[in-house]
Amino acid sequence: MSLVDHAARVRLNAYVPYSRFKVGAAIRSTEGNLHLGCNVENVAYPEGTCAEAGAIAVMIAAGDSRIAEVAVIADSPSPVPPCGGCRQKLAEFAKGDVVVTLATTDGKMLRTTVADLLPGAFDASHMEGA
Ligand code: THU
């Protein structure tokens, strides 16, 4: 199964009573393992936790450290771009050239990279000397 297929499968588990918009994310770690996340909303914060953030949390909890590849899928007219917060989270755990495949449930795909999603990213080097 491809990484997009894995993202499509976990997307079905999304808990989205407020937006009704299901998103699935799949990460292959540099350690070679698969980590899956879906969006999970709640009444106080209806935007909830994004699928990408969920997959990253699962990866870290599993003991892996870095992202080798990511896929994100939603039922959307065009591939949904990760939110700003998720771009920063992806940049924390992935090199700039890591491929992020954004997909729709009807088969559209956009291949991009972590650096293209977050040009000029803030990183630890900017705090040197603090
Ligand atoms: N969402 C994600 O999970 N990932 C994205 O890349 C975009 C947005 C979720 C958050 C919320 O549950 C719903 O989509 C609508 O914003």
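On a predicted model such as this, the values are computed, not experimentally measured, just so you know. Order of listing sets the numbers, starting from 1, for every ligand and every atom in it. Basis for what follows: all heavy atoms, side chains included, without hydrogens, waters or symmetry-related copies.
Annotation: atom 12 (O) of ligand 1 to nearest protein heavy atom, Glu41 OE2, 2.6 Å. Among protein heavy atoms, atom 3 (O) of ligand 1 sits closest to Ala51 N, 2.9 Å. Looking only at heavy atoms of the protein, atom 8 (C) of ligand 1 is closest to Cys50 SG, 4.2 Å. Of the protein's heavy atoms, Asn39 ND2, 3.4 Å lies nearest to atom 9 (C) of ligand 1. Looking only at heavy atoms of the protein, atom 5 (C) of ligand 1 is closest to Glu52 OE2, 3.4 Å.
In this structure Arg87 satisfies the side chain to side chain contact (heavy atoms under 4.5 Å, CB included) test together with Pro81, Pro82, Leu117, Leu118, sequence neighbours excluded.
Neither Ile27 nor Leu36 shares a network with the other; the hydrophobic side chains, linked directly or stepwise wherever heavy atoms of I, L, V, M, F, W or Y lie under 4.5 Å apart, form separate groups for each. Taking hydrophobic clusters as Ile, Leu, Val, Met, Phe, Trp and Tyr residues chained together by side-chain heavy-atom distances below 4.5 Å, Leu90 does not share a cluster with Met109.
For the ligand labelled ligand 1, residue Gly48 lies outside the 4.0 Å heavy-atom shell.
For Pro81, every heavy-atom contact with ligand 1 shorter than 4.0 Å involves the backbone, none the side chain. Residue Ser19 touches ligand 1 through its side chain alone, judged by heavy-atom distances below 4.0 Å. Only the backbone of Glu47 comes within contact range of ligand 1, with a heavy atom under 4.0 Å; no side-chain atom does.
Residue Phe21 approaches ligand 1 through these ligand atoms, each under 4.0 Å from one of its heavy atoms: 14 (O). Proximity to Pro82 (heavy-atom distance under 4.0 Å) selects the following atoms of ligand 1: 6 (O).
In this structure, atom 16 (O) of ligand 1 is not in close contact with the protein, since no protein heavy atom lies within 4.0 Å of it.
What you find for Met59 and Arg66 is that their closest heavy atoms are SD-O, 3.7 Å. Glu41 and Pro17 get closest at one heavy-atom pair: OE1-N, 3.7 Å.
Lys108 contributes no side-chain N or O that, together with a main-chain N or O of Ser78, makes up a donor-acceptor pair within less than 3.5 Å. No donor-acceptor distance shorter than 3.5 angstrom exists from the side chain of Glu52 to the backbone of Lys89, with no hydrogens or angles considered.
For the side chain to side chain contact (heavy atoms under 4.5 Å, CB included) with Leu102, the qualifying choice from Val80, Val70, Thr112 is Thr112, the only one to do so.
When the heavy-atom distances from atom 7 (C) of ligand 1 to Val40, Val72, Val80 are ranked, the shortest goes to Val80.
Between atom CG of residue Asp5 and atom CD1 of residue Ile73 there is a gap of 8.0 Å, rounded to the nearest 0.5 Å.
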